[in-house]
Amino acid sequence: LRARAEWLAALKELRGEITEDQRQAIIETLFGKAAEAGDTGQRGRLGLRRLEVTAEGTASFPSVALNRFSMAPMGSALFVTEGFIGVKIEATLALDANIDAPVENFMTDLITDLEQNGLTLGHGESRGFGWFTIKTKESSNA
């Protein structure tokens, strides 16, 4: 989620919608900042309040390793990936109270981007694993 937020913020900066300082402040406000010399760091203000993961079952996906230069199958390089199918992830994200308007507006834009473009997570994204559509149920300032 942070990587997508950083990408979206960089895009907004390139479009002139926000400045570099605003981009950095938004990301640090949402996801936190690591402690550095003489600094205590900062906790992120975006929280994961609930996470529930379910799957319909598992399946085997046969595949073959390809030579990265010729893209030809490599001899004796057959393998199977065991994966979950019908995965559903339900999560509740919440912003801390008293978030300034630019951060709240950015979060709205991020959720809209996720709804429109989905999210890829985990192993084998280039082969279609870990592609998730995003549907929001409700929003609140909890």
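- What you find for I18 and A9 is that their closest heavy atoms are CD1-O, 3.6 Å.
- L110 and L14 sit in two unconnected hydrophobic clusters of ILVMFWY residues. Membership requires side-chain heavy atoms under 4.5 Å apart, directly or through other members.
- Residue I134 is grouped with residue I111 when hydrophobic side chains (ILVMFWY) are merged at heavy-atom distances under 4.5 angstrom, including chains of intermediate members.
- Rounding to the nearest 0.5 Å gives a distance of 13.5 Å between CZ of F31 and CZ of R45.
- The number of heavy atoms from other shown groups lying within 6.0 Å of CZ (R50) is above 12.
- With rounding to the nearest 0.5 Å, the separation of CD in E115 from CG in N117 is 10.5 Å.
- Partners of D39 by salt bridge (charged side-chain N to carboxylate O under 4.0 Å, His left out), not counting sequence neighbours, listed by chain and number: K33.
- Q22 approaches T19 most closely through the heavy-atom pair OE1-N, 2.7 Å.
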So D96 and R49, salt bridge (Lys or Arg N to Asp or Glu O under 4.0 Å) or not? Walk me through it.
CA-CA 11 Å; D96 288 351; R49 300 292 186 251; 3.4 Å; yes

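- Counting all heavy atoms, side chain and backbone alike, K88 lies closest to E90 at CE-OE2, 3.3 Å.
- Residues R4 and D113 come closest through the heavy atom pair NH1-OD2, 2.7 Å.
- Note that CG of L30 and CG of L1 are 8.5 Å apart. Values are rounded to the nearest 0.5 Å.
- Applying the side chain to side chain contact (heavy atoms under 4.5 Å, CB included) test between E6 and each of L11, I26, I27 identifies I27 as the sole match.
- Between atom NZ of residue K12 and atom CG of residue N105 there is a gap of 8.5 Å, rounded to the nearest 0.5 Å.
- For F84, there are no ring-ring contact (aromatic ring centres under 6.0 Å, His included) partners at least two apart in sequence or on another chain.
- In terms of heavy-atom proximity, P73 sits nearest to V64 at CB-CG2, 4.0 Å.
- Follow the hydrophobic side-chain contacts under 4.5 Å out from F61 and you never reach F79; the two are in separate clusters.
- Taking every heavy atom of both residues into account, L93 and M107 meet most closely at CD1-CE, 4.4 Å.
- Hydrophobic cluster of F69: no remaining members, since no ILVMFWY side chain lies below 4.5 Å from it.
- Both L119 and V53 are members of a single hydrophobic cluster when ILVMFWY side chains are connected at heavy-atom separations under 4.5 Å.
- The CG atom of L46 lies 11.0 Å from the CZ atom of R2; values are rounded to the nearest 0.5 Å.
- Note on L114 and F132: same hydrophobic cluster, where clusters join Ile, Leu, Val, Met, Phe, Trp and Tyr whose side-chain heavy atoms are under 4.5 Å apart, directly or indirectly.
- Judged by distance alone, with hydrogens and angles left aside, the side-chain atoms of E28 form no donor-acceptor pair with the main-chain N or O of Q42 at under 3.5 Å.
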